[in-house]
Amino acid sequence: MDFSGIRNIVILTGAGVSAESGLATFRGPDGLWEGHRVEDVCTPEAYRRDPALVHQFYDARREKLGTVQPNAAHEALARLDAEWPGELLLVTQNVDDLHERAGSKRLLHMHGELTSAWCLACDERFGWSGPMGEEASCPSCGERGRIRPDIVWFGEMPYEMERIEEALQRADLFVSVGTSGAVYPAAGFVQTARYCGAKTLEINLEPSLGSYMFDESRTGRAGEVVPAWVDELLQSDQSSPISR
Ligand code: OAD
């Protein structure tokens, strides 16, 4: 793919970008959805039915965060963010904090964050570390037992959709990294970007469900393919007449 003339970039990441850091993906043989049913831990109904089980699931995942580090893919994307002169938006479906720990700034978490909590009594959101459990008190209103993980569950609206749509409409390049393309609306971003004239590139271990919608698909480990792509893109920007 020829990257010359690209100014505005939207990058979508999924669980595959954190796999080499040691975090499980969702689908596939060792995926989180092999050990848990989505409807038991990842819906508002599940939380109403059995909050203890839902807290257990997210408390374990929050604890695991403390044992892992960003990998070469997160680091390359942070370098791109720091060096890219045009618009850039990194949209992650991941609820881990590895992109920000690597240094990405132009970042949004469309499915929420493990390190954020949401009080259902006063509607405040605030940072959270350590276990949440069922009996946590809200630091804002003091109410007990009304705090849930600030995660977008199935049936709920992902965050910042308007901002994402606007960025997709302005994008010259849309890149999807480490996502199976099984979950909408994220799986449909490629179509919006294409429709609005962007070039589209997929980077994934294997072709995803939506591979056929991309102009180009690069297969391999994110920790290898992403840094190589970032180098290529930054070099093409230096040789582009627009940046001179
Ligand atoms: P999936 O588990 O569905 O897909 C992960 C993708 O990453 C797969 O296509 C793998 O082949 C690929 N992959 C694995 N290791 C990789 C590596 N080292 N380098 C590159 N690619 C690799 O995860 P997501 O697509 O992120 O939502 O899942 C989307 C959403 O479904 C999640 O945000 C979550 C889940 O249910 C909620 O919890 C709301």
Side-chain angles (χ1 to χ4, degrees), residues 11-47 53-55 57-62 64-65 68-77 90-99 102 107-116 118 148-161 164 175-190 201-214 216-230:
I11 302 159
L12 172 71
T13 61
V17 82
S18 298
E20 288 156 70
S21 292
L23 294 180
T25 61
F26 293 94
R27 295 166 185 84
D30 300 320
L32 283 168
W33 295 154
E34 285 299 303
H36 303 84
R37 292 180 347 138
V38 173
E39 25 325 5
D40 288 341
V41 293
C42 199
T43 66
E45 294 74 26
Y47 185 66
L53 180 68
V54 174
H55 277 300
F57 178 72
Y58 288 103
D59 282 352
R61 297 186 58 206
R62 197 177 303 104
K64 177 89 180 152
L65 270 192
V68 298
Q69 297 298 331
N71 65 51
H74 299 106
E75 279 156 13
L77 292 173
L90 175 54
V91 179
T92 187
Q93 299 170 89
N94 297 344
V95 294
D96 66 56
D97 58 355
L98 295 179
H99 281 306
L107 163 73
L108 68 82
H109 283 270
M110 66 178 288
H111 289 167
E113 296 169 66
L114 281 169
T115 53
S116 175
W118 176 15
R148 62 166 269 186
D150 189 9
I151 304 281
V152 177
W153 288 326
F154 284 91
E156 298 181 322
M157 179 65 83
Y159 292 141
E160 308 235 41
M161 283 306 296
I164 298 170
V175 185
S176 168
V177 182
T179 175
S180 61
V183 174
Y184 281 80
F189 291 171
V190 57
L201 169 68
E202 169 173 83
I203 296 173
N204 210 45
L205 197 57
E206 65 213 346
S208 73
L209 293 170
S211 268
Y212 69 93
M213 291 187 272
F214 288 81
E216 187 182 326
S217 239
R218 297 185 182 181
T219 50
R221 290 154 64 94
E224 287 157 18
V225 184
V226 172
W229 164 67
V230 167

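Whatever order the structure lists ligands and atoms in, that order sets their numbers, starting from 1.
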Inset, instruction - Please name the pair of heavy atoms, one in Gln69 and one in Ser21, separated by the smallest distance, quoted to 0.1 Å. - result: O-OG, 2.7 Å

Inset, instruction - Give a yes-or-no answer on whether the side chains of Ser180 and Ser208 include a donor-acceptor pair shorter than 3.5 Å. - result: no

N or O pair under 3.5 Å between [X] and ligand 1:
X      : answer
Thr179 : yes
Val183 : no
Ala19  : no
His111 : yes
Arg27  : yes
Val152 : no

Below 4.0 Å from any atom of ligand 1, is there a heavy atom belonging to [X]?
X      : answer
Cys42  : yes
Ala186 : no
Phe154 : yes

Inset, instruction - Just do the ring pair (Phe, Tyr, Trp, His ring centres under 6.0 Å) check on His111 and Tyr159 with the steps written out, would you? - result: CA-CA 7 Å; His111 289 167; Tyr159 292 141; 9.2 Å; no

Legend entry - Side chain, backbone, both or neither: the part of Gln93 lying under 4.0 Å from ligand 1 by heavy atom: both

Legend entry - Check against side chain to side chain contact (heavy atoms under 4.5 Å, CB included), Glu160 and Met110: CA-CA 6 Å; Glu160 308 235 41; Met110 66 178 288; over 6 Å; no

